[in-house]
**Student:** 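Quick one: this structure, given as C-alpha cells, is what I'll be asking you about.
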Amino acid sequence: MPKLFYSPASPYARKVRVVAAEKGVALEVVNAPLSPIARNADVAAANPLGKVPTLLLDDGTALYDSRVITAWLDAQAPSPRLIPDGIARWAVLTQEALADGLLDAALLHRYEHILRPEDKRWDGWAAGQWAKITATLEALEHAAAKFGARADVGTIAVGCALGYLDFRFADKPWRAAHPHLAAWFEAFAARPSMASTKPD
Ligand code: BEZ
C-alpha cells in the first residue's frame, strides 16, 4: 500500500488525504514531525526537499509535491473525476494553485512569527504575505457563487486552505467579509472526507 508521510497540521497533506478519501484510495499514513528548520530523516530519505506530503509508492518511487500526488490519486480510479478533462481542467488546476498559493503565504506569515528570532522579524514581510491572502479571499468570494456542489481538486484545495486559516489564524476572522465563501465552506466542510481530516 502506498505510504503517505504527513503532518496532521499540514494543509497540503490534508488536501492529499481528502482526495484519497474521495477517490477511495487506501494509504498508509505516517505522521512525520518536521519544520523548515528541523528535517525528518525518513522524509528526507525519500524527498531531498524534506517536505510533507511525500508519497512512497509500492515500487519505492517517491511522489511530491501535493499537486503531483493529487494528480496521481485521481488517475488511480475512473470516478469520481477530481481533475476533469477539457477546458474545465485548467480552471480547476488554477484554482488548486490559487488555494495552495494562499497557503504558501499563510505559512510564510506564520513562520515569520513563530520560527524567526524576534530581533530578525520583519513586519513588512508579514504584511506582504497577508496582502496575498486578502486578495485571494476576495477572488474566492466572487468565485464561490459558482462553486455549487463541485467537489474536485480546486474546491478541495480551497476547503483545506480555509480550514488552515481557521486552525492557525483564528484571530483573523474571514467569514464576515466573505459571506458567499463562508456559506459554501460550511456545507463543504461537512463532507466526511473533510470532517475526518480536520486539524485540532
Ligand atoms: C503547521 O503546524 O501549521 C504546519 C505543519 C506542517 C506543515 C504545514 C503547516
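Ligands are counted one by one from 1 in listed order, and the atoms in each one are counted from 1 as well. The basis for the numbers below is simple: all heavy atoms, side chains too, and nothing from hydrogens, waters or symmetry mates.
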**Student:** So that I can tick it off, tell me whether Lys23 and Asp74 are bridged by a salt bridge, with the cut-off set at under 4.0 angstrom between side-chain N and carboxylate O.
**Tutor:** yes

**Student:** Hey, could you give me each pair passing side chain to side chain donor-acceptor pair (under 3.5 Å) that has a residue in residues 154-176? Not counting sequence neighbours.
**Tutor:** Asp152-Thr155, Asp166-Trp174, Asp166-Arg175

**Student:** Does some side-chain heavy atom of Leu181 sit less than 4.5 Å from a side-chain heavy atom of Phe185?
**Tutor:** no

**Student:** Please list, chain by chain and in numerical order, all residues satisfying side chain to side chain contact (heavy atoms under 4.5 Å, CB included) with Lys198, sequence neighbours excluded.
**Tutor:**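 With neighbours one apart ignored, the set is Arg14.
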
**Student:** I'd like the residue list for ligand 1, meaning every protein residue with a non-hydrogen atom under 4.0 Å from the ligand.
**Tutor:** Ser7, Ala9, Ser10, Pro11, Leu107, Arg110, Tyr164, Arg168

**Student:** How would you list, by chain and number, every residue that makes a side chain to side chain contact (heavy atoms under 4.5 Å, CB included) with Thr94, sequence neighbours excluded?
**Tutor:** none

**Student:** Would you say the rings of Tyr111 and Trp125 are close, in the sense that their centroids are separated by under 6.0 Å?
**Tutor:**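 Between Trp125 and Tyr111, the centre distance exceeds or equals 6.0 Å.
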
